[in-house]
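Numbered from 1 within each chain, the chains take letters A, B, ... in sequence-line order.
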Protein chains: 2
Amino acid sequence: MVISVESVAERAGVSVSTVSRALRSVPGVSSKTRKRVQEAAEELGYSASPAASRLATGRTMTVAIVVPVLAKWFFGKTIGAATQELRDAGYDVLLYELATPEQRERFFGSPRLHGRSDGVIIMALQPGKKELESLASQGQAVALLGAEGPGIGSVSVDNVGAGRDAVRHLLNLGHERVAFIGIRDEENSNLGGVPPRQRLIGYREALVEAGLAREDILEQFDENSVAGGAAAMSRLLVAARAPTAAFVASDEMAFGALMVLRRAGLEVPRDFSVLGFDNHELCEVVGLTTMDHDVAGQGQEAARFLLDAMNGGQPKALSRPARLVVRESTAPPRSLRKNSTAPPDLPATF
Amino acid sequence: MVISVESVAERAGVSVSTVSRALRSVPGVSSKTRKRVQEAAEELGYSASPAASRLATGRTMTVAIVVPVLAKWFFGKTIGAATQELRDAGYDVLLYELATPEQRERFFGSPRLHGRSDGVIIMALQPGKKELESLASQGQAVALLGAEGPGIGSVSVDNVGAGRDAVRHLLNLGHERVAFIGIRDEENSNLGGVPPRQRLIGYREALVEAGLAREDILEQFDENSVAGGAAAMSRLLVAARAPTAAFVASDEMAFGALMVLRRAGLEVPRDFSVLGFDNHELCEVVGLTTMDHDVAGQGQEAARFLLDAMNGGQPKALSRPARLVVRESTAPPRSLRKNSTAPPDLPATF
DNA sequence: AGAGTTTTTGCAAGCGCTTGCGAACTTTCC
DNA sequence: GGAAAGTTCGCAAGCGCTTGCAAAAACTCT
C-alpha cells in the first residue's frame, strides 16, 4: 500500500535518486536502467507522493480555475474545455467558486493559492490591481477569460463589435426602437469594467450610426439569469413607447425575456424581436437568434495561455469575434410587413 | 515572499513547534502565546505550505469530485452545492471530468488520487467493485451521488418511484399510449446499472398498474442531450400507432423532444404531452412539466456524506423523493377534450 | 594499455511542516 | 514552603521526494 521510492529502488537494484530521475525522464540515466526502474515501478504500482515532490520541487502541477458561478452553462462549458487542455498537459485542476463579494474578498485577501497551484485561470471576473499583485506574490501565473489585464494573457470576445453587429441586424430589419438588456454590473465585479458593459457600448454605437438617440428607459440591467431577463423585459413593457426589439446580453436573460413576452400575449417575432448572446445550447430549442462566440474554444485558449505563462511565454491578449446566428426570434417589425396580421413565414414559436 | 514557520517563530519569540501548534488550534499552547503567534503570522502574512503539511500529516485537506460531463446544468448545480459545503469545511476541491470510457479507465486504472485528495465524490457514475477497491487502496473516502455502493454513503433520487409517479400522472390525464425516452446506458456507465434505467422500471410499473402492455417501440433511448431527445422523439413519430404522451428521463432530452414536436407541426400539449425530469432551470421558460428533485440539495448532501466518511462516520444511503411540477406541456389527450379543436386553457407554447 | 572524457550512479542535504517525548515552568495542596 | 500534579514549550526526528556534487563506470583515443 505504501510503496515509496525506496521499494522501487531496491527492486530495481539502484539508488533512490536514480529511480527519481528515471521515472521523471530526467536525463542522466541510461536507457536500460530507466527501463528496469520503470518496470519495477509498474510492478509495484508505484506513484510518487505529490506532496513530497511538491515540497522538493516547489511546483504543484496544479492550476486553479476561478469562476463567479458554477451552475451556468457558459462556465460548465469553459471549465470543461480548459480542464481537458490542462489535464493533457499533466495538470490537476482546483475549482473555486466566488459567488459573493465576501467570498471574492476572502479569496484574494489571503494567500489561498500559495503552494496549492502554479497558476490560475480567472473567468468572467475582472481582477483589480491589488488582486493581481496578490496572485503574483503567491507565485501564480495568471490567464484571464472574459477580462483583460496589463501584461496578462487573456481571451475574450470582441464585445463592442458583437453588440454593434447584433443591434445593426435589428436595425437592418427595420426596427426603430431597439432596447438593450444587460447584465447588472455588481454581479460579476465589484471593480467595474466588466465586459458585458462593452456590449452596451456596441449597442450605443450602432444607434449612433443609425442616427438614433439612446433613451435611458430602453437600457435595462438585471442579474444574469432567466429571472433577471424576465424582470428587465417587464420593465421594458411599461415604457411610454414600447420598443419592438431587444438585444439581450446573455441568452439566459433572453430566455427570461421570451417568457415574459409570451405571458404578456406578445408573439415573437411577430410582435417583438429578441436577439441573445452566447449561443446557449438551448437556443435551438426555443429558436433564439443569438451571437455565437465559441465558448469552448475560449476555455481551451485560456488554458493554453496559462500553460504558456507558466512556461515563461509572452502573454497575448486575444479578442475573438462573435457571429450572428439567425433563428426564429427575430423578424422585421410588424409595421413593415405587407400583411401585418399574418406571422412571418417562420414557425410561430412561443 | 517566502515566509516560513521559522520567521513567525522568531517574530513571536517561540519555537517552530509552538507556532505550528498555535496556528492549528492544537491544544497545549497557552492562549497568550497562541495569540502572540497568530498576530505574528498575521503581520507576516504567513500561510503554511500545504505541501509540507501534507507530507507531514498525510492529509491533503482536498477532495476530488468526479463527473461524467461538466457542461451540463445538473452537474454545475451539484458541483456548486458540494463545493460550497466542502469549502466551508476547509477542503479544496479537485475536479475530474471522465467524459470517455478511456478517461474513466485511465482514471481508475492508476492511483491518480493517491496523495492528492482525502476523499472523492463520484457523481452519476456507478463505480464497479474493482474501481471502489482502487479508490480504497488509494486511501480515499468515497461518497456517491446518483449511484449506490455497498457500505458507501450515497444520495440519489427514488428513480423508480419518480418514474412511476410521472407516468401515473400522464395516465391519469387519460393518455393510453405513453412513451418513455431514456438515457442510453453506455453514456454514463460501462458497467451497467446506472440509475436512469430505474426510471424505465418505474415507467413499466405504472403501465402494469394501469393494465397496459409495454411495447418496445415506445421505449426509446439516446444520449442525454437535446439532440438525443430530439432523435428519440423522431423515432417515436414513426410508430405504427403514435403515442400521445411521453415521459422523458431528462429535461434536456425533453427540450429536444419538444423541438421535434414543434417542427413536426404538433402542438404541445394539445397534440402531445411531454413530461421531463430534473426541473431544469429552463423548464419554466418553455413550460415543461417535470419531476423536481432538489438537485442542489443532493450535491450538498453528498458533500456531507463524504465529510462524514472522512471522519469515520457511518455511511448512509439516502434516497430522496421527486415531485411533480406541473407546467404547460401536459394535458389530457385530444380525444378526451370536449372541443377537440381548441387548445386547452393553457397558453399554446411551442 | 593507460590517460583523458563522457556518462551513469549514489550520497546526503535539503524542501517546510508536524509531533512524540522530555524539560521547564506553573499551579495546587498539604 | 516544598513536593506533586498539571501546563506549556522546545528538540529533533521524521514525512517522501529532488538534486548538486563527487565517485564510479564505461568509453575514447593515442
Listed once per pair and sorted, the side chain to side chain donor-acceptor pair (under 3.5 Å) pairs that draw on residues 89-101 of chain A, sequence neighbours left out: R59(A)-Y91(A), D92(A)-Y96(B), D92(A)-R112(B), D92(A)-R116(B), Y96(A)-D92(B), T100(A)-E102(A)

Roughly how far, to the nearest 0.5 Å, is OG1 of T78(A) from CD of E301(A)? 13.5 Å

Pairs in or reaching into residues 33-59 of chain A: which pass ring pair (Phe, Tyr, Trp, His ring centres under 6.0 Å), with residues at least two apart or in two chains? none

Where protein sits on nucleotides 13-25 of chain D, one letter per nucleotide: B base, S sugar-phosphate only, - none, heavy atoms under 4.0 Å: -BBBBSBB-----

Please check if any side-chain donor atom of S30(B) sits under 3.5 Å from a side-chain acceptor atom of R34(B), or the reverse. no

Heavy-atom count check: over 12 atoms from other residues, nucleotides or ligands less than 6.0 Å from E10(B) CD? no

